[in-house]
Colleague: 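I am attaching a structure below and will ask some questions about it afterwards.
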Amino acid sequence: MDTPPGRPARWLGSPWARGAAAALAGAVPALTFPAPSWWWLAYVALVPWLLLVRSAPTRRRAALDGWLGGTGFILAVHQWLLPSLHIFILVLALLLGAFWAPWGVLVRVLLGDAPPASGPPEGPARTEPGEASPGRQWRAAGGRCAAALVLVPSGWLMVELVRSWEYLGGPWGLLGASQWQLPPALRLASIGGVWLVSLLVVAVNTAVAELIARPAARLPAVAGLLVCALAVTVAWFQAPVPRITGTVRVAVVQPNRTGTPAARLDRSEALTGSLAGRGVRLIVWGESSITTDPADHPELAARLAALSRRTGAELLINADSAHAQRPGISKSAVLIGPDGPTGDRYAKMRLVPFGEYIPFRSVLGWATRVGKAAPSDRLRGTGQVVMPVAAAGGLRIGPLVCFETAFPDMSRHLARDGARVLVAQSSTSTFQDSWAPAQHASLAALRAAETWRPMVHATLTGISAVYGPRGEQIGERLGTDRSAAAVYDLPLAAGTSPYTRFGDWAVYGAVGALVLAGGYAGLRALSRRTGRVRR
């Protein structure tokens, strides 16, 4: 029988009030990401949601609280998409929020009240026949708390993993990404990626929720908090760190809003020309910095080659490349040397759902009528590319385009393929007055820390930023109010980070924990059923 695990506040007895509370509680973690960047809030941001779900009268209600909370989270983290997608963003949030429904059930099962016990036994206690002793109740509460500290974060990570599939929107707003400016968290990311940081953050929230709601579990909850603190401390003092082997001078060109594509090219050319004589070896332009492919336009190629000769650097531009064989364009990173295009190019592989293509267009194509969804699908690249920069002594760079910086696996594969510098070209001009530019720029810090490879994040309209191999910020950030060229002495690092070497082991561990717990629960249920049959 599915009995209530606790007594919720009277006003939560209304299904509508409870639903609104769940959506608001789910939205709270959005404040931990840029632009607010209240990173410290992440360690308690889930507590209201956890406490609400654990008080659900039934598992079905817990699933609904999880779903509505997930919907609130998706809406809050992606609120900057509202001007483009309008009402369709609510449809997407409801679809993606459904992934938190099983997590809600898991929270209720693990955090719901156990049979009451006032404390650990201090001596012999009399119990009625069939009644659990206080000591057994205390141990049961401790065991459930320990299980919750492992399984609730693991369940959360499964939600993050599933919704990170590129066709479902990608890994934007992973909870661990909120810690991008905290050095100990970046050190953890170098060991287990952003996934490990998410696990730790949710574990802390779970322990705090236990401390508040379940007195019998306070000892294991405090122990869980101490284990989390110890893990971060050990990582900070014992984890390997990248070894700096030199520097390379790079520059970012950010023309900002300039009106027409021709005006943008003129402004980018002027800013690039100002870098002559400054020892720069690589100059990075933002996404869609030019709207024609220099490989198909000799005059444009000659103009860019002249810039390369004038500055003594190679240019990594980004072109909207058309294809004669297929309709549509691809976003292509193209390397330009003193003799023109070097032949090294990379076409964006992972496209923004609804922004650059519409999944199942025959079914969801109506989104173009209610918002600014992609009227036609962009073309995908076929593989990642590592490019040598001759002007920098053959330095190998790994380009990513815009949305791709959200995917930990892409930067890790580039590092494993020999890239010594990661380069991201982006444009968030459509969302310039929202939280999106700051959120996007922060992702580069995580990718750098995960791979031990410095990362250059260049945009058309800001925010442009550069990070070192530990995820530390290098030099100034170019905000959305700047039209400028900035020079950075980028530290290069040797070695391979644990995350690059071992990959998503934190994810596999979470999967394993859930599988073992599910198997154990299944065996117990089978044993009880067998016992009833024998009686």
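Worth saying up front: this structure is predicted, and the values here are computed from it rather than measured.
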Colleague: For residues V201 and Y43, determine if any side-chain heavy atom of one lies less than 4.5 Å from a side-chain heavy atom of the other.
Modeller: yes

Colleague: May I ask you to say whether E166 pairs ionically with R380, meaning some side-chain N is under 4.0 Å from a carboxylate O?
Modeller: yes

Colleague: Listed by chain and number, what are the side-chain contact (heavy atoms from CB on, under 4.5 Å) partners of V28, not counting sequence neighbours?
Modeller: L41, A45

Colleague: Please enumerate all residues that pass side-chain hydrogen bond (donor to acceptor under 3.5 Å, both in side chains) together with Y488, with sequence neighbours excluded.
Modeller: none

Colleague: What orientation do W38 and W40 show, parallel under 30°, tilted 30 to 60°, or perpendicular over 60°?
Modeller: parallel

Colleague: Apply salt bridge (Lys or Arg N to Asp or Glu O under 4.0 Å) to residues D293 and R345 and explain how you reach the verdict.
Modeller: CA-CA 11 Å; D293 195 328; R345 63 168 51 224; 2.9 Å; yes

Colleague: Would you check if V253 and V284 make a side-chain contact, meaning some heavy-atom pair closer than 4.5 Å?
Modeller: no

Colleague: What pairs with A76 under side-chain contact (heavy atoms from CB on, under 4.5 Å), at least two apart in sequence or on another chain?
Modeller: A27, A30

Colleague: If every non-hydrogen atom of P469 is compared with every non-hydrogen atom of I244, which pair is closest and at what distance?
Modeller: CG-CD1, 3.7 Å

Colleague: Under a 3.5 Å distance rule, please check whether E404 uses its side chain to pair with a backbone N or O of M349 as donor and acceptor.
Modeller: yes

Colleague: Please say whether more than 12 non-hydrogen atoms of neighbouring residues, nucleotides or ligands are located less than 6.0 Å from CZ in R243.
Modeller: no

Colleague: If the condition is ring-ring contact (aromatic ring centres under 6.0 Å, His included), which residues does F407 pass it with, not counting sequence neighbours?
Modeller: F403

Colleague: Quick one: are L94 and I74 in side-chain contact, heavy atoms under 4.5 Å?
Modeller: no

Colleague: Taking all heavy atoms of R163 and all of L174, pick out the closest pair and write down the distance.
Modeller: NH2-N, 3.7 Å

Colleague: When the aromatic ring centroids of W103 and W67 are compared, is their separation below 6.0 Å?
Modeller: no

Colleague: Starting from the C-alpha separation in whole Å, work towards a yes-or-no answer on side chain to side chain contact (heavy atoms under 4.5 Å, CB included) for L282 and I397.
Modeller: CA-CA 10 Å; L282 175 67; I397 64 172; 4.2 Å; yes

Colleague: Sort and list the pairs that fulfil salt bridge (charged side-chain N to carboxylate O under 4.0 Å, His left out) and have at least one residue in residues 62-76, not counting sequence neighbours.
Modeller: R18-D65, R61-D65

Colleague: Taking side-chain hydrogen bond (donor to acceptor under 3.5 Å, both in side chains) as the definition, give me every residue that meets it alongside Q79, ordered by chain and number, with sequence neighbours left out.
Modeller: none

Colleague: Stepwise, does the side chain to side chain contact (heavy atoms under 4.5 Å, CB included) test hold for C145 with R214?
Modeller: CA-CA 9 Å; C145 178; R214 194 155 58 184; 4.3 Å; yes

Colleague: Hey, what do you get for CG (L492) to CG (L395), rounding to the nearest 0.5 Å?
Modeller: 6.0 Å

Colleague: Side chains of S427 and C402, heavy atoms from C-beta outward: is any pair under 4.5 Å?
Modeller: no

Colleague: Please round to the nearest 0.5 Å and tell me the distance separating atom CZ of R482 and atom CD of Q254.
Modeller: 8.0 Å

Colleague: Let me check something: any side-chain donor-acceptor pairs from residues 148-162 under 3.5 Å, sequence neighbours excluded? List them with distances.
Modeller:
{"residue": "S154", "atom": "OG", "partner": "V150", "partner atom": "O", "Å": "2.7"}
{"residue": "W156", "atom": "NE1", "partner": "E160", "partner atom": "OE2", "Å": "3.0"}
{"residue": "E160", "atom": "OE1", "partner": "S198", "partner atom": "OG", "Å": "2.9"}
{"residue": "E160", "atom": "OE2", "partner": "L175", "partner atom": "N", "Å": "2.7"}

Colleague: Identify each donor-acceptor pair in which a side-chain atom of residues 183-194 lies under 3.5 Å from a protein atom, sequence neighbours left out, and give them as a table.
Modeller:
{"residue": "R187", "atom": "NH1", "partner": "W236", "partner atom": "O", "Å": "2.6"}
{"residue": "S190", "atom": "OG", "partner": "R187", "partner atom": "O", "Å": "2.6"}

Colleague: Answer yes or no: does atom CZ of R477 have more than 12 heavy-atom neighbours from other residues, nucleotides or ligands under 6.0 Å?
Modeller: yes

Colleague: Do W195 and D504 pair up side chain to side chain, a donor and an acceptor below 3.5 Å, judged on atom types alone?
Modeller: yes

Colleague: Under 3.5 Å, is there a donor on one side chain and an acceptor on the other for Q425 and Y346?
Modeller: no

Colleague: Between R470 and P242, what is the shortest heavy-atom contact and its length?
Modeller: CG-CG, 3.7 Å

Colleague: L211 vs L225, test: side chain to side chain contact (heavy atoms under 4.5 Å, CB included). Steps then yes/no.
Modeller: CA-CA 10 Å; L211 283 173; L225 290 173; 3.7 Å; yes

Colleague: What are the two closest heavy atoms between N256 and T480, and how far apart are they?
Modeller: ND2-O, 3.0 Å

Colleague: Is it true that T459 and S464 share a donor-acceptor pair across their side chains at a distance under 3.5 Å?
Modeller: yes

Colleague: Tell me whether N318 contacts the main-chain N or O of G286 through its side chain, where contact means a donor paired with an acceptor under 3.5 Å.
Modeller: no

Colleague: Taking all heavy atoms of A415 and all of T451, pick out the closest pair and write down the distance.
Modeller: CB-CB, 4.0 Å

Colleague: With a 4.5 Å heavy-atom cut-off, do R453 and V421 have their side chains touching?
Modeller: no

Colleague: Side chains of T291 and D320 only: does a donor on one sit below 3.5 Å from an acceptor on the other?
Modeller: no

Colleague: Less than 4.5 Å apart, side chain to side chain, heavy atoms only: is that true for F99 and L168?
Modeller: yes

Colleague: Under a 4.0 Å N-O cut-off, is there an ion pair linking D409 with R350?
Modeller: yes

Colleague: Does either side chain, that of Q439 or that of W172, offer a donor lying less than 3.5 Å from an acceptor on the other one?
Modeller: yes

Colleague: Taking the side chain as C-beta and beyond, is there a heavy-atom pair between T500 and E450 under 4.5 Å?
Modeller: no

Colleague: With sequence neighbours left out, what residues match A347 under side-chain contact (heavy atoms from CB on, under 4.5 Å)?
Modeller: S330, S332

Colleague: Holding to side-chain contact (heavy atoms from CB on, under 4.5 Å), I want the full list of residues that pass it with S178, two or more places apart in sequence or in another chain.
Modeller: T32, F33, A42

Colleague: Between M387 and R396, is there a side-chain heavy-atom distance shorter than 4.5 Å?
Modeller: no

Colleague: May I ask you to decide if L111's main-chain N or O and R54's side chain share a donor-acceptor pair within less than 3.5 Å?
Modeller: yes

Colleague: With sequence neighbours excluded, give me every ring-ring contact (aromatic ring centres under 6.0 Å, His included) pair touching residues 448-468.
Modeller: H440-H457

Colleague: Taking only residues two or more places apart in sequence or in another chain, which ones pass ring-ring contact (aromatic ring centres under 6.0 Å, His included) with W165?
Modeller: Y167

Colleague: Any chance you could measure L106, atom CG, to L514, atom CG, to the nearest 0.5 Å?
Modeller: 7.0 Å

Colleague: Counting distance only, does the side-chain N/O of R447 pair as donor-acceptor with the main-chain N or O of T405 below 3.5 Å?
Modeller: yes

Colleague: Mind checking the CD1-CG spacing from I317 to L335? Nearest 0.5 Å is all I need.
Modeller: 9.0 Å

Colleague: Can you tell me how far CG of L414 sits from CZ of R420, rounded to the nearest 0.5 angstrom?
Modeller: 15.0 Å

Colleague: Would you compute the distance between atom CG of L95 and atom CG of L90 and round it to the nearest 0.5 angstrom?
Modeller: 9.5 Å

Colleague: What's the shortest heavy-atom distance between A486 and E476, and which atoms?
Modeller: CB-OE2, 3.8 Å

Colleague: Take L400 and V423, measure what side chain to side chain contact (heavy atoms under 4.5 Å, CB included) needs, and give me the verdict at the end.
Modeller: CA-CA 6 Å; L400 298 164; V423 181; over 6 Å; no

